[in-house]
Amino acid sequence: MNYNIKKITSANGTVTVPGDKSISHRAVMLGALADGTTRITGFLRGADCLSTIDCFRKMGIEIEDCGGEIIVHGKGLHGLNKPSEMLYTGNSGTTTRLLCGILAGQDFDTDITGDESICRRPMKRVCEPLSLMGAKIDGDYCPLHITGTRLRGMDYKMTVASAQVKTALILAGLYADGETVIHEKEKSRDHTELMLKAMGADLTVDGNDITVRPGRKLRAQNIEVPGDISSAAFFMVLGAVMPDSCIVIKNVGINPTRTGIIDVFKAMGADMELANKRTVAGEDAADIVIRSSKLKGTQIGGDIIPRLIDELPVIAVAAVFAEGTTVIRDAQELKVKETNRIRAVVDEFKKCGIDITETADGMTIKGGKPVKGADFKTYGDHRMAMSLAILAQLADGESTLDDSECVAVSYPAYFEDFYRLGN
Ligand code: S3P
């Protein structure tokens, strides 16, 4: 059923966005592989992270959800059991790809699949480098059959800038005979490296090079998950573009591998501050204060892209309301997300009369022109839905979304928080 976006005239107040999706996945996975009990606070109870919990429960890991915290009873690196059925990862690329790295080195076989979107997303990018370690994974797309086997270390130069691929290789490296060295193309989110180090793994990072050696047990840790900057991004754009607005987004993770949007906002002239900066369990966090701003267009490309890849659809919304032209390039990875986000953004934005052009690796947006509401298609993609809701809010006239429920993948209470800020 179509969902009407109710119009607000300004956005003010405080919002606490849900826990970081990437960190939540890793906390469950590494907690399961550690010896002892991992208590996770701030865990994201979105559909993707619940898929991760479900998969590990199917492999014999006891995981309790006590409201305030998730408790993972880890069984050590070799404590997983063969699941009695196929693992189902839902819409979650992170669950699927990271599991490939863990399962390749087990002494049992597994089958993995997910929803329609997952079955269209490329898995070769992870299966191919894993095969250089000896992994046996059948299929370039889900369903995948993984034959557990002995893995060997390798020295590998990555061909895509992807934290999911990097993490799968690091996790496989925990099970390999010998050292695994991974050279990243561009620095991507490093939550796995930080968490593994805190758990006592033998892992070193030198610039874009990561070395992991097997043999050490992982020690369970208590993990406090900060708010997800990818979820904060929607309110950053809302607060910056909507007149008479000031939004305080509490406790947002600002790990430097994730803060590309902050750099872009600075370049666009946003009125923004970071308050209460602190480090929680190895991850930096702060409150983000964002006020109505006069934005200007900017150029986004190169090594900043992995630091803001998930935020690009909503950054494109900011660009629509900025004076001048914004060019996004080197963002071809957007084509293999939950949907092709370059094509989806361009097609949906055009419905509003926005001057936007698709390019081979991004898009060009000429901002500062009138924008009219439209009936939007979300492609079942949570970040498209949340970005289009912001666009709809800022456009003239009424708009609808064809699906509002997909936001549950990463932000189940999105619309409640969105309207609470309105007046
Ligand atoms: C993620 C990495 C990114 C990101 C995804 C989460 C992760 O994907 O888009 O939402 O948790 O490692 P890629 O590694 O494919 O760029």
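As the structure lists them, so they are numbered: ligands from 1, and atoms in each ligand from 1.
The shortest N/O to N/O separation between R125 and ligand 1 does not fall below 3.5 Å. For A163, a nitrogen or oxygen atom sits less than 3.5 Å from a nitrogen or oxygen atom of ligand 1, counting backbone and side chain alike.
Annotation for ligand 1: atoms under 4.0 Å from non-hydrogen atoms of D310 are 4 (C), 5 (C), 9 (O), 10 (O).
Under 4.0 angstrom from ligand 1, the non-hydrogen atoms of R189 all belong to its side chain. Proximity of H25 to ligand 1, defined as any heavy-atom pair under 4.0 Å, is not found for any part of the residue. At a heavy-atom distance under 4.0 Å, only side-chain atoms of R26, from C-beta outward, approach ligand 1.
Ring geometry, F235 versus F418: the interplanar angle falls from 30° to 60°, so the pair is classed tilted. Under the 30°/60° scheme for interplanar angles, the aromatic rings of Y3 and Y419 are found to be tilted.
Note: L44 CG to H25 NE2 = 7.5 Å, rounded to the nearest 0.5 Å.
Nearest to atom 3 (C) of ligand 1 among the protein's heavy atoms is K337 NZ, 3.8 Å. Summary of contacts: the protein heavy atom closest to atom 6 (C) of ligand 1 is T94 OG1, 3.5 Å.
Applying side chain to side chain contact (heavy atoms under 4.5 Å, CB included) to I300 and the options D263, I261, I315 leaves one that passes, I315. A side chain to side chain contact (heavy atoms under 4.5 Å, CB included) with C142 is found for exactly one of D115, D111, T96, namely T96. Screening I210, T180, L169 for a side chain to side chain contact (heavy atoms under 4.5 Å, CB included) involving Y156 leaves a single residue, L169.
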